[in-house]
Participant: 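My structure is below; once you've seen it, I'll send some questions.
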Amino acid sequence: MITLVRGDITTMRVDAIVNAANNSLLGGGGVDGAIHRAGGPEILAVCRELRATVLPRGLPTGDAVATTAGRLPAKHVIHTVGPIWDPSEDRSRLLASAYRNSLRVADELGAATVAFPAISAGVYGWPMDDAARIALATVREVNASADITFVLFSDATLTAFREALGR
Ligand code: AR6
């Protein structure tokens, strides 16, 4: 099941929320900044531990990894890294991988409910309509057992996802 809502992903009481992080895993702006602020220092501590152990070079674009959700109402945070929009290079496959790998990690966690933001559609500059199309097509294709909610931060984003869902 796929649901679209307007809201703040940090408030979602689900098994896993997905963070649109960067390769460093060490925080940033946008939804990443909001998740670390609301979840507290425990999340960053686990990210640092991952960097010191299994991910010394950071999380590759399109990949995903889970941490605690700290003080958030969600049980886990799945960090993924979307590609930066490049008008001269088609990076759609990396954006699809970010969704696909996040759902793989969710499945490994046994998550029955997963919430996604619009990955790459903020600081990373992906045009919203196309970001919505790729997000929904990929999630449908995976046919995951988990219930998926897209938590969209603005009316414009919600509209773009609604239109993509209707297509
Ligand atoms: N809940 C839901 N969606 C949100 C929230 C929130 N609390 N806050 C922002 N959004 P972005 P990206 C929306 O920029 O484009 C960070 O610095 C936002 O309006 O968060 O993948 C990372 O560290 C937009 O629609 O992620 C990376 O360096 C969507 O979430 C870089 O930004 C994604 O915007 C990643 O850029």
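In listed order, ligands and their atoms are each counted from 1. Count residues from 1 along the sequence.
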Participant: Using a strict cut-off of less than 4.0 Å between a Lys/Arg side-chain nitrogen and an Asp/Glu carboxylate oxygen, indicate whether Arg100 and Glu141 qualify as a salt bridge.
Facilitator: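 The answer is yes: the pair qualifies as a salt bridge.
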Participant: Please say whether more than 12 non-hydrogen atoms of neighbouring residues, nucleotides or ligands are located less than 6.0 Å from CZ in Arg140.
Facilitator: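 Correct, the count exceeds 12.
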Participant: Could you check whether any side-chain heavy atom of Asp107 comes within less than 4.5 Å of a side-chain heavy atom of Ser145, counting everything from C-beta outward?
Facilitator: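 Yes, at least one pair of side-chain atoms sits under 4.5 Å.
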Participant: Can you give me the closest heavy-atom contact between Ala106 and Val114, atom names plus distance?
Facilitator: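 Of all heavy-atom pairs spanning Ala106 and Val114, the closest is CB-CG2, 3.7 Å.
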Participant: Measure the acute angle between the ring planes of Trp126 and Trp85, then classify it against the limits of 30° and 60° as parallel, tilted or perpendicular.
Facilitator: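 Perpendicular, since the angle between the ring planes exceeds 60°.
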Participant: If you look at each N/O of ligand 1, which protein N/O atoms lie under 3.5 Å away, and at what distance?
Facilitator:
| from | atom 1 | to | atom 2 | distance (Å) |
| --- | --- | --- | --- | --- |
| ligand 1 | 1 (N) | Ile9 | N | 3.0 |
| ligand 1 | 7 (N) | Asp8 | OD1 | 2.9 |
| ligand 1 | 14 (O) | Val123 | N | 2.7 |
| ligand 1 | 15 (O) | Ser120 | O | 3.4 |
| ligand 1 | 15 (O) | Ala121 | N | 3.4 |
| ligand 1 | 15 (O) | Gly122 | N | 2.8 |
| ligand 1 | 15 (O) | Val123 | N | 3.2 |
| ligand 1 | 15 (O) | Tyr124 | N | 3.0 |
| ligand 1 | 17 (O) | Gly29 | N | 2.7 |
| ligand 1 | 20 (O) | Val31 | N | 2.7 |
| ligand 1 | 21 (O) | Ser120 | N | 2.8 |
| ligand 1 | 23 (O) | Asn22 | ND2 | 2.7 |
| ligand 1 | 23 (O) | Asp32 | OD2 | 2.7 |
| ligand 1 | 28 (O) | Asn22 | ND2 | 3.3 |
| ligand 1 | 28 (O) | Tyr124 | OH | 3.4 |
| ligand 1 | 34 (O) | Gly122 | N | 3.3 |

Participant: Heavy-atom distance under 4.5 Å between the side chains of Asp147 and Thr149, does that happen here?
Facilitator: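 With C-beta onward as the side chain, the pair stays apart.
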